[in-house]
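Here the structure is laid out as structure tokens; the discussion comes afterwards.
Atoms considered below: every heavy atom in the structure, side chains included; atoms not considered: hydrogens, waters and symmetry mates. The sequence lines fix the lettering, A, B, ..., with proteins before strands; numbering per chain opens at 1.
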Amino acid sequence: MLYRISCTEMDALFAALSETKTVYLPADREDGQASFVKWTEGTALSNRLNTVRSAKDFFFPQIQPLARFRREGQKIEITDLREESEDFVIFGARACDVRSFEILDRVFLADPVDTSYQTRREHAAIVTMACARPEETCFCTAFDIDPAKPADGDVRAYIADGYCYLEPLTEKGETLLAGAGECLEESDGAAVEAEAGRIRAILEKLPLASLKPADNREKELDVFNSPKWEEMASHCLGCGACTFVCPTCQCFDINDFDSGHGIERYRCWDSCMYHDFTLMASGTPRLTQKERFRQRFMHKLVYYPIRYDGVFSCVGCGRCLRKCPINMNIVKVMKELTGVRPAGAGEEA
Amino acid sequence: MSVMEKTAAARQAEWKPKIIAFCCNWCSYGGADLAGTNRLSYPANVKIIRVPCSCRVNPMFILRAFQKGADGVIVCGCHPGDCHYSTGNYHARRRMTMLFSMLSFLGVESARTRVEWVSAAEGARFKAVMDSFVEDITRLGPNERLEDLRCKEN
Amino acid sequence: MQKIGVFVCWCGTNIASTVDVKAVAEAAKSVPGVVFSTDYQYMCSEAGQNLIKDSVLTYGLTHVVVCSCSPRMHEATFRKAVASIGMNPYMLEVANIREQCSWVHKDKEVGTEKAIALMKAAVAKAMLNTPLTAGSTPVTKRALVIGGGIAGMQTALDIADAGFQVDIVETKPTIGGKMAQLDKTFPTLDCSSCIVTPKMVEVGQHPNITIYAYSEVTEVKGFVGQFTVTIKRKARYVDESKCTGCGACIEKCPMKKVPDEWNMNLNNRKAIYIPFAQAVPKIATIDPAYCLKLNTGKCGVCSKVCGTNAINYEAKDEYLEVGYGAIVAATGYEMIDVSKYDEYAYSNSPDVVTALEYERLMSAAGPTGGHLVRPSDGKEPKTIVFIQCVGSRETEDSCHGGKPYCSKVCCMYTAKHAILTKDHYPDTDIYVFYIDVRTPGKLFDEFYRRAVEQYNVHYIKGAVGKVTPNAETGKLDVQAADLLLMEQLQIEADMVVLAAALEPHRSARPLATMLTAPMDTNDFFTEAHAKLRPVESATAGIYLSGFCQGPKDIPETVSQAGAAAAKVIGLLSKNELVGNPCVAHSDEWMCNGCSQCENVCPYGAITYEEKEFRMPDRTTKIRRVASVNPAVCQGCGACTVTCPSGAMDLRGFTNQEIMAEVDALCL
Amino acid sequence: MASVYQVTKEEIEAISGVNPLKCMRCGRCTATCPSFDNMEYHPHQFVAMVERGEIEKLVRSASVFKCMSCMACLERCPRQVQPAKLIEAVRLAVIRKQEANHLRPDDLPALVDEDLPQQAIVSAYRKFTK
Amino acid sequence: MQRELINRARELLADGTVDRVLGWQAGQFAYDITPAVFTDAGELEAHFVYNEFCADNLSKYLIKESEKEGKVLAFLKPCDTYSFNQLVTEHRIRREHVYVIGVESYGKADVEKLRARGISGITGVETVSGMLKVHTMYGDESVPLNEVMLDRCLTCKSKKHVVYDELIGEDGDVVADSGRFDMVEKLERMTAKERFSFWQGELSRCIRCNACRNVCPACTCENCVFDNPGSGLQNRAARDNFEEKLFHIIRAYHVAGRCTDCGECSRVCPEHIPLHLLNRKFIKDFNELYGPFQAGEVSGQMSPMCAYTETADPEASVVRKGGAE
């Protein structure tokens with residue numbers, strides 16, 4: 001089934017959805033970028049390709065309080081601060097971001113299940129928006145994501161001919177659209193097919209269209225020992241910009257804060273680019289930036305695929321290409337690592 | 001929402017300013033002692049922290065005080081020219097001026113922070129300074145622009 | 001694991017009347033870390049101290065918090081008490097619940113609540129206290145006195161008499177300083193050289209004193225107890241060990257036209273010279289600026305006449321490096337250059353003289369043999385005008401920009417000059433133009449009144465506006481104002497004497513830089529405390545003697561010289577210096593060597609070194625890191641704040657300790 | 001009696017930029033003043049009078065116009081009090097308060113002392129015609 | 001310009017003056033420039049680039065590079081030379097290990113500004129007489145360079161190289177009327193409440209990625225207080241509004257008097273927070289309260305944060321005269 005609604009009437013759709021659920025959607029900001037905001041009357045859907053921060057925030061927020069410890073005399077009172085999520089809608093996430101949820105799921109929903117992640121995942125309905133205007137930094141196709149006809153999410157959406165077309169992909173999606181009430185009208189698929197075709201034509205012309213990640217699962221050590229890391233990492237500043245805008249980075253740290261009234265335990269994103277990442281009593285296992293840099297890309301391109309049947313922990317959204325202060329990014333790494341030869345071979349070249 | 005408002009209102013009602021005073025060991029702490037010796041009363045919400053010199057006061061102590069619930073922070077040292085370490089208060093003066101200016105730039109009320117010079121002989125001045133500072137802070141109300149809500153809960 | 005004991009003092013009713021001490025002790029029991037708490041009437045009494053000591057032993061306390069009066073009162077008492085049973089004294093904290101609580105609050109509930117907060121803050125700090133031990137450094141038992149005037153000589157003698165070695169460095173060829181140039185001293189009119197020359201001899205002969213005359217300090221390294229000083233011994237071209245001071249060379253020296261600075265350039269001396277007959281050491285010196293042999297290569301007369309072969313034209317400056325435990329600055333003063341006061345015609349007429357020149361004109365050892373005559377024509381002056389405050393008490397922004405301070409001795413020496421002149425030449429007319437006559441001092445005002453009443457010196461409240469040499473009469477036309485009579489006066493004077501301002505010797509400023517000793521804008525050394533430590537510099541191990549610290553007369557200088565000596569003796573009598581353990585220290589792993597701390601340290605206690613570090617990745621790396629000399633650091637903490645990485649911290653007042661107090665007090 | 005000029009001490013200080021409190025009564029200004037004999041009040045008295053607020057006496061005194069503005073007092077003053085500026089300020093204040101009624105050249109002979117140096121007369125003209 | 005730089009670098013490598021060259025390396029697109037060290041002519045010819053997107057301030061890399069044996073050639077733009085001097089002042093760069101070539105720069109383009117204009121799918125950029133000709137997948141666009149320059153370049157304080165061993169291109173002058181304090185002044189004129197909400201809005205976007213800190217040539221601590229568990233400030237992410245402010249206040253405070261106003265912090269902020277305003281506020285205060293001071297202008301000068309005057313310094317209450325609450 002395919003529905004549509006005039007782009008001028010989107011507010012009605014959001015209003016209808018908001019009756020039962022909180023609706024989040026990308027909205028333009030003054031600085032020319034977009035971020036997810038909670039819909040309120042008048043909030044317009046952004047046309048920008050992507051938000052600054054990825055949509056992973058909805059399930060894996062940067063900061064999440066876990067527990068509170070209070071001391072009363074000799075007793076310690078513990079309060080669980082994790083909250084049950086309410087139903088919400090992510091409207092207009094891109095195919096790359098939506099694919100990233102799958103990558104996070106493998107980690108957070110595996111045993112032991114991260115219940116707080118789980119409850120958020122369960123309460124979310126996702127509307128995936130096809131990419132009308134892919135950009136030069138896009139390389140999701142390298143990971144078999146189709147932004148012309150998004151396969152992930154509960155609803156697939158297009159904006160074309162002044163209409164927003166909505167196609168439920170799951171039961172949850174159907175229920176969601178059913179809840180939208182009368183503002184939707186049924187439509188045939190002609191416009192959508194045309195739009196998908198138009199997008200595919202663009203995708204073929206993307207500068208990174210031919211990029212393909214090398215399957216280096218068999219060459220783990222060779223890649224690890226590649227001399228190229230040294231050079232690639234040599235100017236890395238060790239900031240966490242790439243990891244924090246990345247939809248698939250999933251590392252976190254757990255900290256305690258002493259408020260004076262008690263201890264609040266929270267978890268927050270961590271970055272493998274930081275020198276004190278996985279700091280232990282014996283010090284850090286990765287002493288130089290080269291090792292930290294390598295860790296990040298080994299994880300995304302080798303370790304994760306080894307563990308999860310060849311799936312890469314990257315969705316090609318291009319955020320790190322835009323945000324790295326020195327423009328060193330996963331694409332450059334992927335290019336360097338294609339055709340890594342076993343150590344010892346081809347030294348003379 | 002209404003619960004939050006209520007707590008805020010309740011907080012406001014029973015609010016008493018919390019004031020942290022950093023006093024240098026050689027002059028202002030002595031001045032505070034003299035105020036005591038002379039039984040010059042000032043509000044009890046002023047709590048004094050002894051530091052060797054006003055130049056020991058790190059901006060992060062001040063920010064920490066605000067985070068942990070202080071409504072006003074005052075730094076007291078020897079009068080210019082009288083520093084036990086000869087130049088400490090000159091350094092303190094610049095550092096605090098710059099810090100306070102930055103806080104004000106970020107929109108924090110500038111009356112929440114102060115530097116005063118109080119000698120060990122100025123018990124009366126110590127009292128007067130504290131009285132006036134407490135009055136200023138009371139007028140401003142609770143520190144909300146530099147608060148950490150986690151530390152405010154009870 | 002900390003085991004803290006809290007001891008709440010009643011201080012009789014001083015605390016107990018406004019603070020519920022039992023409640024404070026009770027509240028302490030629920031504070032984490034506290035294993036014992038109690039209260040007592042007088043914690044500072046012997047019984048109270050014993051209570052603390054016994055409890056420490058009984059409960060195995062690691063830290064003690066005493067809630068009592070101000071730490072300025074009894075912190076030392078309690079620290080001593082716990083130290084007596086082997087606890088590190090810095091494990092004790094005092095919560096000030098008297099001066100800062102019970103005495104300033106009336107309501108008992110309020111007082112108790114605050115006392116509990118203060119107790120908690122003290123406990124929070126105590127939790128983090130670590131044992132501190134003061135470091136010690138050995139003391140080099142030798143003192144350096146810079147300046148060989150009366151200040152330096154007296155300091156040196158007093159130190160030497162106490163049995164310590166002292167070196168005097170004097171830039172001039174002889175010690176004696178300005179006092180040796182004076183004729184008489186006020187208000188007793190003793191002969192100045194009669195009292196100073198025996199001192200010079202005493203210094204010269206003292207077995208513990210070494211005089212480095214005609215020498216300068218060029219570099220100072222080290223710190224209190226451990227200074228290393230480079231002394232430049234300027235070439236005299238005369239072998240000190242051979243010269244007997246016979247004076248034959250001086251007699252034969254053909255270069256006669258050298259201005260004699262000893263006589264304020266009022267006459268000439270030879271190119272080889274001994275400043276004056278009683279000079280110590282009495283050794284001839286060749287003036288390299290005028291010596292014909294040194295400048296033209298022709299002459300060599302002195303060498304020929306010298307019986308001991310002491311002349312050496314090839315001599316070079318020599319540098320000595322000597323270790324000292326203490327350094328005394330006694331650099332003295334000089335008169336300002338008065339030529340910029342063109343209204344007084346100092347540059348236009350030889351009969352306008354400064355007070356020091358007048359002193360030489362009066363002196364029996366001076367250029368005129370003590371016969372007061374006008375430098376211009378050698379006639380005895382009949383009318384003399386003394387002008388006070390020339391260059392003193394002037395603001396910086398005034399046209400001449402003189403000294404803002406009062407030079408202190410001018411009023412008195414002018415009275416002396418007037419009296420001596422009248423004594424010798426009773427028919428002289430003397431006018432003294434003053435702004436104020438300042439005579440605080442024993443027998444000072446009496447002396448001044450004697451000048452007025454007994455000698456009929458005309459003291460006029462007013463000023464001289466202009467001195468004009470009159471070519472016709474050969475006199476000086478002085479235009480002045482008498483403010484009391486509201487008249488303008490015209491005086492035909494034979495001489496005009498300027499009481500020029502005295503300023504610290506020009507060598508003081510560079511010396512202060514070498515010593516890292518603070519100075520004020522007038523180039524006076526700053527004392528460590530204006531009232532309580534007037535003879536010490538803020539820089540440890542540097543002492544101040546005489547005019548270099550501020551204007552003073554001879555007896556004041558001598559007293560201060562003795563006081564400085566006493567301080568030096570106190571220092572040198574120690575075998576080692578035990579420092580204050582509350583000093584800054586730098587975490588070398590965090591330091592990045594930026595030098596900001598070095599810039600703010602008032603004591604020069606921070607130095608940088610290039611050190612080799614073994615890095616976590618097993619490489620070695622040379623890093624520039626700060627290092628604090630605990631013997632020099634006084635513990636102000638200026639460096640800790642300027643350090644962006646927090647590598648610098650202050651023992652006893654660490655960042656964590658202070659923040660723990662903040663946290664506790666903000667609750 | 002209320003002053004016809006209504007000049008205050010503060011005005012004089014503001015016009016001249018002089019702080020009379022800086023004066024230490026040394027008298028160098030008076031000692032150096034070439035117009036001393038022609039003046040009722042002398043430079044250091046000017047300073048003292050302004051300090052005490054006795055402006056009335058000053059503005060009524062002919063001394064104000066006897067100053068030659070030679071600036072010697074300024075040059076000699078050890079504390080940068082600048083008596084000449086003070087005198088100039090009083091003069092200015094007088095002229096300003098007289099508004100249109102400035103002294104005319106015709107009025108001058110009556111005021112000018114025979115012994116007054118030419119310089120004083122010239123400088124007086126300059127001041128009157130401001 | 002790029003040709004000249006490559007040629008000169010090749011010469012200096014060839015005659016042994018330098019062993020390495022620190023410069024900019026071309027990326028996949030016109031704008032994704034990466035700092036890089038080149039060791040031979042081949043690398044230079046293949047990868048070295050100097051264009052309107054070479055914004056990176058290379059001086060910070062010289063800390064590491066100058067520790068190594070041999071001499072490194074560094075290309076520094078006018079603003080970079082200030083940072084270089086400052087780092088030499090702080091003994092972080094071994095001057096004798098660096099050969100500085102000052103390169104002319106009249107402002108660098110900001111690709112984020114092109115994107116903000118809706119120009120996307122950028123495949124190539126050319127500069128033709130002050131115009132940026134942008135080739136995109138969706139057609140070509142032409143934009144005046146000075147409309148899409150980095151903010152820091154629009155308010156450039158100086159086009160003068162304050163240190164160099166040689167210069168390629170022209171040396172400019174200190175810009176007297178840069179207007180760089182205009183925005184600070186605008187904020188100063190607001191009420192405290194308005195300023196508060198302005199900064200609340202800006203700083204709440206902070207993701208604490210530390211890009212601003214790590215790119216900053218003044219932030220060269222071995223271990224930042226925010227990473228140090230012993231400092232009492234250690235903090236990974238802002239859990240509370242307070243912590244957002246704390247980080248940025250302390251960051252700005254720690255570089256006050258040392259910050260040369262190179263603008264890298266704002267350039268790299270993924271959230272476009274105008275962090276340089278905090279630094280400029282300090283610079284403006286220094287200038288106004290303690291006399292004109294430009295960090296890095298001369299090597300060896302003392303930061304006004306470390307200096308003082310006994311009588312001329314205003315009391316801290318001067319802050320209160322600064323406008324409405």
Side-chain angles (χ1 to χ4, degrees), chain A residues 29-33 35 47-49 52-53 57 62-65 133-138 202 205-208 231-232 234-245 252-253 255 257 264 266-271 273-276 279 319 321-329 331-332 335, chain E residues 22 25 27-29 31-37 53 55-56 58 60-61 64 111-118 120-124 136-138 201-202 205 207-216 223-224 227-229 234-240 243 264 267-274:
Chain A
R29 325 195 298 212
E30 274 178 28
D31 66 347
Q33 306 198 89
S35 29
N47 283 326
R48 301 252 167 227
L49 183 70
V52 182
R53 292 163 70 157
D57 298 32
Q62 180 160 20
I63 286 242
Q64 189 181 1
R133 206 176 151 97
E135 299 185 4
E136 79 278 13
T137 51
C138 290
I202 297 170
K205 288 190 289 182
L206 285 177
L208 300 177
E231 193 195 317
M232 286 189 288
S234 61
H235 292 85
C236 174
L237 294 167
C239 78
C242 52
T243 51
F244 287 0
V245 297
F252 59 82
D253 190 15
N255 277 303
F257 174 78
E264 194 192 79
Y266 63 96
R267 82 170 179 197
C268 62
W269 293 350
D270 202 348
S271 169
M273 290 296 197
Y274 292 164
H275 66 90
D276 53 355
L279 184 68
R319 284 189 178 85
L321 275 67
R322 291 159 174 246
K323 293 304 183 186
C324 175
I326 64 151
N327 297 306
M328 177 45 77
N329 53 52
V331 171
K332 289 180 182 175
K335 285 182 173 171
Chain E
L22 175 61
Q25 180 176 335
Q28 302 158 117
F29 314 113
Y31 57 83
D32 63 337
I33 311 291
T34 308
V37 172
F53 291 101
D56 304 75
L58 300 180
K60 190 173 186 178
Y61 293 107
K64 213 166 72 182
V111 68
E112 295 281 288
K113 282 198 179 168
L114 289 174
R115 288 180 176 138
R117 290 180 160 230
S120 64
I122 301 166
T123 51
T136 84
M137 295 154 53
Y138 305 103
E202 295 292 340
R205 295 205 303 272
I207 56 172
R208 275 301 296 282
C209 65
N210 291 322
C212 52
R213 179 189 77 183
N214 291 17
V215 80
C216 175
N223 192 2
C224 174
D227 293 344
N228 175 4
Q234 191 203 19
N235 173 270
R236 257 292 138 70
R239 160 83 176 88
D240 190 277
E243 286 179 330
E264 286 285 86
R267 177 179 73 87
V268 303
C269 179
E271 288 283 0
H272 296 176
I273 302 171

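Residues A:H235 and E:Q25 fail the side-chain proximity criterion, which asks for heavy atoms closer than 4.5 Å. Looking at E:R239 and A:P65, their side chains come closer than 4.5 Å, going by heavy atoms from C-beta outward. No side-chain heavy atom of E:R205 sits less than 4.5 Å from a side-chain heavy atom of A:V52. E:N210 has its side chain within reach of A:Y274: a pair of non-hydrogen atoms, C-beta onward, lies under 4.5 Å apart.
Between the side chain of A:N327 and the backbone N or O of E:I33, at least one donor-acceptor pair lies under 3.5 Å. A donor-acceptor distance shorter than 3.5 angstrom exists from the side chain of A:R48 to the backbone of E:A116, with no hydrogens or angles considered.
Contact tally against chain E (heavy-atom pairs below 4.5 Å) for A:V331, A:V245, A:N255: the top residue is A:V331. Contacts with chain E were tallied for A:S234, A:C324, A:P134, A:P207; A:P134 has the most, counting heavy-atom pairs under 4.5 Å. Your options are A:M328, A:K205, A:Q62, A:Q33, and the one with the most heavy-atom pairs under 4.5 Å with chain E is A:Q33. The residue among E:R117, E:R213, E:R115 with the most heavy atom pairs within less than 4.5 Å of chain A is E:R115. For the set A:D253, A:L237, A:L321, the entry with the most heavy-atom pairs within less than 4.5 Å of chain E is A:L237.
Using a 4.5 Å cut-off between heavy atoms, E:T123 contacts chain A through its side chain alone, with no backbone atom that close. Both the backbone and the side chain of E:D227 come within less than 4.5 Å of a heavy atom in chain A. Heavy atoms of E:K64 lying under 4.5 Å from chain A belong exclusively to its side chain. For E:L22, the part sitting under 4.5 Å from any heavy atom of chain A is the side chain, from C-beta outward, and nothing else. Proximity to chain E (any heavy atom under 4.5 Å) is restricted, for A:L208, to the side chain, taken from C-beta onward. Using a 4.5 Å cut-off between heavy atoms, A:R29 touches chain E through its side chain atoms alone.
Nearest heavy-atom pair, E:P35 versus A:I326, reported as atom, atom and distance to 0.1 Å: CD-CB, 3.6 Å. In terms of heavy-atom proximity, E:M137 sits nearest to A:E136 at SD-N, 4.0 Å. For the pair E:E271 and A:D31, the tightest heavy-atom approach, listed with the atom from each and the gap, is O-OD2, 3.6 Å. When all heavy atoms are compared, the tightest approach of A:F244 to E:R208 is CE2-O, 3.1 Å. Contact record, E:A211 with A:P325: CB-CG, 4.0 Å, taken as the closest heavy-atom pair.
A cation-pi arrangement, defined by a distance under 6.0 Å to the six-membered ring centre and an angle within 45 degrees of its axis, is present between A:R133 and E:Y138.
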